[in-house]
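Numbers here simply count residues along the sequence, with the first being 1. Scope of the values below: all heavy atoms of this structure, side chains included, with no hydrogens, waters or symmetry mates.
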Amino acid sequence: MRYPMFRVALVALAAGVVLGHGPVLAAGDAAKGKTAFVKYGCWQCHGFEGQGSAITSNGKVLAPDPLPWEGFSSFVRTSNGGMPPYSEKILPNGDLEDIHAYLASVPKPKDVKSIPLLSQQ
């Protein structure tokens, strides 16, 4: 398997939701998270708003709907794919919670139909 820990985290999250515990939300600060997102270099592959990029290492889209906290933190800590894992020594839990809060705060893009120039025929 390519991402065994990520899959384990997703199964654990799904089990928690099915059993009625629901996802645990990180109590982070979105403003601090935006700063941390830049400080730790996340933007280099994922763009400044977590929009992802096909050009920079095929960075995945992270926002506006990031993974639930458990899956997100597990993936960041144990990634063995194109993204290196970030241990707590490198990226403290508080900063990771802030980054997650920042990604969750990014607004969804406008519906294409709501943009007059794009809806002209």
Side-chain angles (χ1 to χ4, degrees):
M1 281 194 266
R2 191 166 178 188
Y3 299 106
M5 291 304 294
F6 181 68
R7 290 181 180 156
V8 168
L10 286 178
V11 168
L13 174 65
V17 171
V18 168
L19 296 175
H21 298 290
V24 175
L25 299 176
D29 181 306
K32 289 180 182 177
K34 185 174 185 176
T35 300
F37 195 76
V38 173
K39 175 182 176 183
Y40 293 103
C42 308
W43 66 272
Q44 293 173 348
C45 295
H46 300 287
F48 281 103
E49 293 190 346
Q51 76 272 17
S53 173
I55 298 170
T56 57
S57 305
N58 215 9
K60 303 298 181 203
V61 175
L62 301 177
D65 294 317
L67 288 172
W69 168 246
E70 296 92 348
F72 179 79
S73 63
S74 177
F75 182 80
V76 169
R77 298 288 188 223
T78 62
S79 173
N80 63 1
M83 184 179 121
Y86 286 81
S87 71
E88 190 176 349
K89 290 179 183 178
I90 296 169
L91 176 57
N93 281 334
D95 289 349
L96 186 58
E97 289 174 355
D98 292 342
I99 289 170
H100 188 266
Y102 164 61
L103 294 171
S105 76
V106 173
K108 293 184 186 274
K110 291 181 179 180
D111 182 5
V112 174
K113 295 176 183 175
S114 72
I115 303 170
L117 182 63
L118 297 177
S119 63
Q120 292 178 357
Q121 292 185 18

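The shortest heavy-atom contact between Lys60 and His46 is O-ND1, 2.8 Å. Here the closest non-hydrogen pair linking Phe37 and Gly47 is CE2-O, 2.9 Å. Closest heavy-atom contact between Phe72 and Leu96: CE2-CD1, 3.5 Å.
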Inset, instruction - Evaluate side chain to side chain contact (heavy atoms under 4.5 Å, CB included) for Trp69 paired with Glu97, printing each intermediate quantity in order. - result: CA-CA 8 Å; Trp69 168 246; Glu97 289 174 355; 3.5 Å; yes
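For residues 71-83, the set of pairs meeting the salt bridge (Lys or Arg N to Asp or Glu O under 4.0 Å) definition, not counting sequence neighbours, is empty.
For Gln51, there are no side-chain hydrogen bond (donor to acceptor under 3.5 Å, both in side chains) partners two or more places apart in sequence or in a different chain. Under the salt bridge (Lys or Arg N to Asp or Glu O under 4.0 Å) criterion, Lys89 pairs with no residue at all, not counting sequence neighbours. For Asp29, the side chain to side chain contact (heavy atoms under 4.5 Å, CB included) partners two or more places apart in sequence, or in a different chain, are Ala31, Lys32, Asp98.
With hydrogens and angles ignored, the 3.5 Å screen pairs no side-chain donor or acceptor of His100 with any backbone N or O of Gly33.
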Scan the side chains in residues 101-118 for donor-acceptor partners under 3.5 Å anywhere in the protein, sequence neighbours excluded, and list what turns up.
from	atom 1	to	atom 2	distance (Å)
Tyr102	OH	Phe48	O	2.6
Ser105	OG	Tyr102	O	2.7
Lys108	NZ	Asp65	OD1	3.2
Lys108	NZ	Asp65	OD2	2.7
Asp111	OD1	Lys113	N	3.4
Ser114	OG	Asp111	O	2.6

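With a 4.5 Å cut-off on side-chain heavy atoms, Ile99 and Tyr86 do not count as touching.
Linking ILVMFWY residues whenever their side-chain heavy atoms come closer than 4.5 Å, directly or via other members, places Val76 and Val38 in the same cluster.
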